[in-house]
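The block underneath contains the structure these notes are about, expressed in structure tokens.
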Amino acid sequence: MKTTLFGNIVRQAVLLGVILLPFVSQAATRADFGAFYSELPFTTEAVKAPVIPELTVSLVDYGGKGDGYTLNTEAFARAFEDLEKQGGGHLVVPEGVWLTGPIALRSNIDLHVVKNAIILFSPDKTLYPILPPDEGTGGQLCTPPISATHIANFSITGEGVIDGNGEAWRPVKRFKVSDAEWTKMKRLGLKEVTEEGRQVYYPTLGNPDDRVLTKRPRLLRFIGCSNFLIQGVVVQNSPSFHVNMILCDHFILDGIMVRCPWNAQNGDGIDLSSCHHVLLTGCSVDAGDDSICMKSGIGDTGRSRGATHDVVIDGCTVFHGHGGFVIGSDTGGGMNNILVRRCRFIDTDTGIRIKSGRDRGGLVSDVWIEDIVMCDIADEAILFDCYYQEKVGDARDVEPKPVTADTPRFRDIHIKDVVCTDAAAAILVKGLPEMPVTNVSISNTTITARRGAVINHARDITLSDVTLVISSGEAISSHNAEGLVTPGLNVINQ
């Protein structure tokens with residue numbers, strides 16, 4: 001969608017820090033995050049920051065060189081090993097460009113990346129061997145650039161940059177780049193193939209095994225960790241997902257920036273899967289796929305891992321992505337007790353995107369989304385979709401199927417105080433005939449869009465004090481929507 005003048009003004013103001021909104025993170029200068037737990041719609045315990053020993057060392061002390069070409073993999077390993085022997089502390093990465101292979105974090109240690117420091121991961125794929133299946137996905141991936149597995153009380157802090165060198169890994173679809181960019185790729189000798197009728201280029205330089213292209217690593221991938229903090233850093237240019245937490249609990253993501261090219265394949269921003277007791281505040285995301293996304297696995301794997309729950313997302317900004325705030329599509333373990341408030345979504349494909357499919361569902365309930373502003377939304381401002389990757393249109397005439405453990409169930413979801421301008425469609429609810437979307441409320445909301453609301457296969461949907469400013473079609477179209485009520489609905493036709 002073409003960006004509007006209003007959208008450009010908002011975007012530039014946010015980038016320059018001109019808009020001083022009351023929900024800008026205050027946590028970057030303090031260790032007490034309890035203030036973010038006031039007036040929650042559910043009862044939960046406040047997450048606290050880790051406590052790191054005072055001992056401080058520099059990567060230089062272990063032979064590190066920030067010259068941009070010396071490989072610092074061993075220097076990082078020696079530093080972490082030494083700090084661990086001494087009971088923990090702070091490893092400072094000074095100014096410079098620190099080329100390295102994979103880094104494995106350890107308990108009781110803070111990795112502090114100062115401003116004007118860049119940790120740049122080597123494009124040499126031999127440094128990232130393919131790992132055996134783990135509890136994270138059940139599949140195989142290459143070794144993450146930064147990993148943490150079953151450790152506790154640790155952090156990544158600072159104002160520096162963590163760069164995954166993702167262009168050395170990611171395939172790029174022809175229709176997502178300009179003619180000049182495509183010509184440059186071919187001139188560099190990169191491999192061009194056809195997938196499902198689409199031209200794609202694959203990086204090949206430094207790649208001894210084409211299998212790694214389908215097993216691209218995720219830049220920060222933590223499994224089974226607890227009591228940690230990621231604060232202030234820029235995380236960018238991942239081979240795949242950027243910040244991926246799996247089976248983790250009691251952690252804080254505060255004031256980080258996640259960014260990659262808009263056309264980065266599988267370039268998710270922040271993905272939390274089967275995690276609980278999480279605070280995500282003051283973060284900004286500019287992603288090539290879903291931006292801030294909640295997951296909980298698929299099938300038996302997801303159900304065994306359990307739900308994502310007790311999550312507070314406060315004061316975040318999304319500049320681009322397939323969705324601003326996203327649930328799914330992997331919802332097998334379910335999710336509940338999630339609050340998203342005081343966030344801004346600018347130039348995303350969808351604003352609020354709740355999605356799953358008949359082969360990957362679970363129970364998603366007790367979700368609250370409030371105080372959201374959105375502009376330049378290419379598709380729907382608010383979307384409930386139970387047909388992920390199925391081509392069913394608006395799902396009006398879909399035949400029912402038997403209910404199974406994998407049937408997605410969306411219920412008890414409450415959205416209020418939303419303002420959205422320049423969306424293609426206001427609301428789309430695509431429930432299943434065998435399992436309607438149930439008990440959803442949208443209140444005190446104004447959406448300006450070309451099309452209005454479509455609600456199919458749903459039950460007990462309430463649109464209260466909702467204003468739809470639309471330019472074509474019906475304000476509300478529904479099919480098999482029992483208990484649809486619209487008190488205070490205001491329709492303005494442009």
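As the structure is a prediction and not an experimental result, all values here were calculated from the model.
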Could you please spell out the steps behind the side-chain contact (heavy atoms from CB on, under 4.5 Å) verdict for Ile372 and Phe345? CA-CA 8 Å; Ile372 307 295; Phe345 306 146; 3.7 Å; yes
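- Side-chain contact check for Thr157 and Asp110: at least one donor-acceptor pair (N or O, by modelled atom type) lies under 3.5 Å.
- Neither side chain, Ser226 nor His250, offers a donor N or O lying under 3.5 Å from an acceptor on the other.
- Here the side chain of Arg409 pairs no donor or acceptor atom with the backbone of Gly334 at under 3.5 angstrom.
- The 12-atom threshold is not exceeded at CG of Asp300, counting heavy atoms of other residues, nucleotides or ligands nearer than 6.0 Å.
- Val47 has its side chain out of reach of Val278: every pair of non-hydrogen atoms, C-beta onward, lies at least 4.5 Å apart.
- Side-chain atoms of Ser356 and Thr331 include a donor-acceptor pair closer than 3.5 Å.
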For Arg305 and Ser273, what are the C-alpha separation, side-chain angles and deciding distance, and is it a side-chain hydrogen bond (donor to acceptor under 3.5 Å, both in side chains)? CA-CA 9 Å; Arg305 282 170 27 179; Ser273 187; 2.3 Å; yes
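- Counting only distance, with no hydrogens or angles, the side chain of Thr404 and the backbone of Asp406 share a donor-acceptor pair below 3.5 Å.
- Between Gly267 and Ala287, the closest heavy-atom pair is O-CB, 3.4 Å.
- The CG atom of Asp289 lies 4.0 Å from the CG atom of Asp268; values are rounded to the nearest 0.5 Å.
- Considering only heavy atoms from C-beta on, Asn244 stays 4.5 Å or farther from His242 through its side chain.
- Residues Glu167 and Asn237 have side chains in contact (heavy-atom distance under 4.5 Å, counting atoms from C-beta outward).
- A perpendicular orientation is assigned to the rings of Phe228 and Phe222, their planes being inclined by more than 60° (bins at 30° and 60°).
- Ring planes of His457 and His479: perpendicular class, angle over 60° (limits at 30 and 60°).
- From Ile156, atom CD1 reaches atom CD1 of Ile103 across 8.5 Å, with rounding to the nearest 0.5 Å.
- Ile313 contributes atom CD1, which lies 7.0 Å from atom CD1 of Ile338 (distance to the nearest 0.5 angstrom).
- When ring centroids are compared, Phe175 and Trp182 stay outside the 6.0 Å threshold.
- Not one N or O on the side chain of Ser38 forms a donor-acceptor pair closer than 3.5 Å with the backbone of Phe36.
- The structure places CZ of Arg259 at 13.5 Å from OG of Ser238, a figure rounded to the nearest 0.5 Å.
- Both tests pass for Arg218 against the ring of Phe241: distance under 6.0 Å to the centre and angle within 45° of the axis.
- Of all non-hydrogen atoms in Ala49 and Phe33, the two that sit nearest each other are CB-CE1, 3.8 Å.
- Ser274 places no side-chain N or O within 3.5 Å of a backbone atom of Ile246 that could act as its donor or acceptor partner.
- Only one option out of Ile447, Asp376, Thr448 pairs with Cys420 in a side chain to side chain contact (heavy atoms under 4.5 Å, CB included); it is Ile447.
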### Task
Take His309 and His277, measure what side-chain contact (heavy atoms from CB on, under 4.5 Å) needs, and give me the verdict at the end.
CA-CA 7 Å; His309 64 89; His277 294 92; 4.1 Å; yes
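- Between Ser329 and Arg360, the side chains place a donor N or O and an acceptor N or O closer than 3.5 Å (distance only, hydrogens not considered).
- A pairwise comparison of heavy atoms in Ile377 and Asp349 identifies CG2-O, 3.6 Å as the closest pair.
- Ion pairing between a basic and an acidic side chain is recognised when a charged N comes within 4.0 Å of a carboxylate O; Glu380 and Arg451 show no such pairing.
- Thr438 contributes a side-chain N or O that, together with a main-chain N or O of Pro436, makes up a donor-acceptor pair within less than 3.5 Å.
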Q: Kindly indicate, with the supporting measurements, whether the criterion side-chain contact (heavy atoms from CB on, under 4.5 Å) is fulfilled by Val440 and Thr462.
A: CA-CA 6 Å; Val440 171; Thr462 301; over 6 Å; no
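- Within the 4.5 Å cutoff, the side chain of Phe42 has no heavy atoms near those of the Asn336 side chain.
- Here the closest non-hydrogen pair linking Val161 and Val113 is N-CG1, 4.0 Å.
- Side chain of Ser107 to backbone of Ala152: a donor-acceptor contact under 3.5 angstrom is found.
- Remark: Arg353 engages Asp290 in a salt bridge, criterion side-chain N to carboxylate O under 4.0 Å.
- In Lys176, the NZ atom is crowded: over 12 heavy atoms of neighbouring residues, nucleotides or ligands sit closer than 6.0 Å.
- The side-chain heavy atoms of Val258 and Cys283, taken from C-beta on, include no pair separated by under 4.5 Å.
- A donor-acceptor contact shorter than 3.5 Å is absent between the side chain of Ser147 and the backbone of Pro144.
- The side-chain heavy atoms of Tyr37 and Leu279, taken from C-beta on, include a pair separated by under 4.5 Å.
- With respect to Met335, the side chain to side chain contact (heavy atoms under 4.5 Å, CB included) criterion is satisfied by exactly one of Val364, Asp310, Leu272: Val364.
- Minimum heavy-atom separation, Thr407 to Met435: CG2-CB, 3.7 Å.
- Of the residues listed (Leu220, Asp254, Ile252, Leu280), the one engaging Ile230 in a side chain to side chain contact (heavy atoms under 4.5 Å, CB included) is Leu220, and it is the only one.
- Checked against Arg342 for a side-chain hydrogen bond (donor to acceptor under 3.5 Å, both in side chains), the options Asp314, Asp371, Thr281 give a single hit: Asp314.
- Formation of a donor-acceptor pair under 3.5 Å by the Arg216 side chain with backbone atoms of Pro239 is found in this model.
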### Task
Please step through ring pair (Phe, Tyr, Trp, His ring centres under 6.0 Å) for the pair Phe121 and Trp169, ending with a clear verdict.
CA-CA 12 Å; Phe121 286 93; Trp169 295 83; over 10 Å; no
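- Note that CG of Asp330 is 10.0 Å distant from OG1 of Thr308, once rounded to the nearest 0.5 Å.
- Counting heavy atoms from C-beta outward, Ile52 and Asn108 have side chains that stay 4.5 Å or more apart.
- Side-chain atoms of Thr350 never come within 3.5 Å of backbone atoms of Ile352 as a donor-acceptor pair (strictly under, hydrogens ignored).
- A donor-acceptor pair is defined here as one N or O able to donate and one able to accept, closer than 3.5 Å; no such pair exists between the side chain of Ser291 and the backbone of Gly324.
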| said: With side-chain hydrogen bond (donor to acceptor under 3.5 Å, both in side chains) as the criterion, how do Thr126 and Asp124 come out once you've worked through the C-alpha distance, each side chain's angles and the decisive distance to 0.1 Å? | reply: CA-CA 6 Å; Thr126 63; Asp124 181 357; 2.6 Å; yes
Inset, instruction - Walk me through it: do Arg221 and Leu141 pass the test side-chain contact (heavy atoms from CB on, under 4.5 Å)? - result: CA-CA 11 Å; Arg221 189 170 189 255; Leu141 294 172; 3.7 Å; yes
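- Contact annotation: the side chain of Val392 approaches that of Lys430 to within less than 4.5 Å [non-hydrogen atoms, C-beta and beyond].
- Across every non-hydrogen atom of Leu339 and Pro41, the tightest pair is CD2-CD, 3.9 Å.
- Here the CG-OG distance, from Asn227 to Ser155, works out to 10.0 Å after rounding to the nearest 0.5 Å.
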